[in-house]
Amino acid sequence: MENEIHYPHILDYLYAVTEQRDPLLMEMEEYARGRHIPVIQRESARLLEVLCTLSKPKKILEIGTAIGYSSIQLARVIDGPGFLDTIELDEDRADEADGYIRRADLDRFIRLLRGDAAQAM
Ligand SMILES: C[S@@+](CC[C@H](N)C(=O)[O-])C[C@H]1O[C@@H](n2cnc3c(N)ncnc32)[C@H](O)[C@@H]1O
């Protein structure tokens with residue numbers, strides 16, 4: 001898949017200022033790829049990570065959890081006490097997300113809501 005970020009200097013910057021990949025995220029990328037589950041591109045996740053680090057949100061609302069890949073990355077950069085609400089329609093994906101969020105030890109900071117975001121909101 002073509003990268004969503006086209007400028008090499010921006011990619012270089014993102015790689016320089018964000019953490020190296022951790023094993024859980026790499027496992028999730030592999031899992032999603034193998035099952036054709038759409039998750040955010042690695043570089044785009046890094047861009048969001050930088051934006052969140054700069055803007056220091058206390059709360060994040062995510063619509064479309066899939067397996068929790070972006071939820072985990074965003075929840076890790078929430079500044080101080082805060083939380084991320086994420087909404088997923090598909091029950092199986094929500095179950096998978098729940099497992100990964102627990103493994104990331106972020107279940108205290110991520111509230112996984114099941115159902116149609118239009119209703120949940
Ligand atoms: C592109 S994936 C999300 C990827 C995820 N944010 C990530 O990068 O790790 C979109 C997800 O939105 C879910 N979805 C679609 N329509 C929805 C709705 N109306 N309410 C909640 N979730 C929805 C799909 O089931 C799918 O898992």
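Start at 1 and go down the list; that is how both ligands and their atoms are numbered.
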N or O contact, Val39 vs ligand 1, cut-off under 3.5 Å: no
Atom 26 (C) of ligand 1: the protein heavy-atom neighbour that sits closest, reported with distance to 0.1 Å: Arg93 NH1, 3.3 Å
Spacing of CE belonging to Met121 relative to CG belonging to Asp85, to within rounding of 0.5 Å: 10.5 Å
Protein heavy-atom partner closest to atom 24 (C) of ligand 1 - residue, atom, separation in Å: Glu88 OE2, 3.4 Å
Ligand 1 atoms in contact with Asp116 (distance to a heavy atom under 4.0 Å): 18 (C), 19 (N), 20 (N)
Residue part near ligand 1, for Ile63, under 4.0 Å between non-hydrogen atoms: neither
Close N or O approach (Gly64, ligand 1; < 3.5 Å): yes
Trace of the side chain to side chain contact (heavy atoms under 4.5 Å, CB included) decision for Arg76 with Leu84: CA-CA 10 Å; Arg76 282 179 174 166; Leu84 180 143; over 6 Å; no
Closest approach of any protein heavy atom to atom 9 (O) of ligand 1, naming residue and atom: Ser70 N, 3.0 Å
Residue that, paired with Val50, satisfies side-chain contact (heavy atoms from CB on, under 4.5 Å) out of Leu54, Thr53, Leu48: Leu54
Ile87: numbered ligand 1 atoms lying under 4.0 Å from its heavy atoms: 21 (C), 22 (N)
Any Thr86 heavy atom less than 4.0 Å to ligand 1: no
Numbered atoms of ligand 1 (with element) below 4.0 Å of Ile40, judged on heavy atoms: 7 (C), 8 (O)
Side-chain heavy-atom pair Lys58, Ile78 within 4.5 angstrom cut-off: no
Geometric cation-pi criterion Arg35 and Tyr31, 6.0 Å radius, 45° cone: yes
Interatomic spacing from CD1 in Ile37 to CE in Met28 - rounded to 0.5 Å: 9.5 Å
Close side-chain approach of Gln73 and Leu25, heavy atoms under 4.5 Å: yes
Residue pair Thr86 / Leu113, side-chain heavy-atom distance below 4.5 Å: no
Where ligand 1 meets Gly115 - atom numbers and elements under 4.0 angstrom, heavy-atom basis: 20 (N), 21 (C)
Ser71, Ala120, Pro38: member with heavy atom nearest to atom 2 (S) of ligand 1: Pro38
From OH (Tyr69) to CG (Leu74), nearest 0.5 Å: 11.0 Å
Sub-4.0 Å heavy-atom approach of Met28 to ligand 1: no
Heavy-atom nearest option to atom 16 (N) of ligand 1, drawn from Leu89, Asp92, Leu48: Leu89
Test side chain to side chain contact (heavy atoms under 4.5 Å, CB included) applied to Glu91 and Arg114, step by step: CA-CA 7 Å; Glu91 274 294 327; Arg114 293 163 186 261; 2.7 Å; yes
Geometric N/O contact Ala117 with ligand 1, under 3.5 angstrom: yes
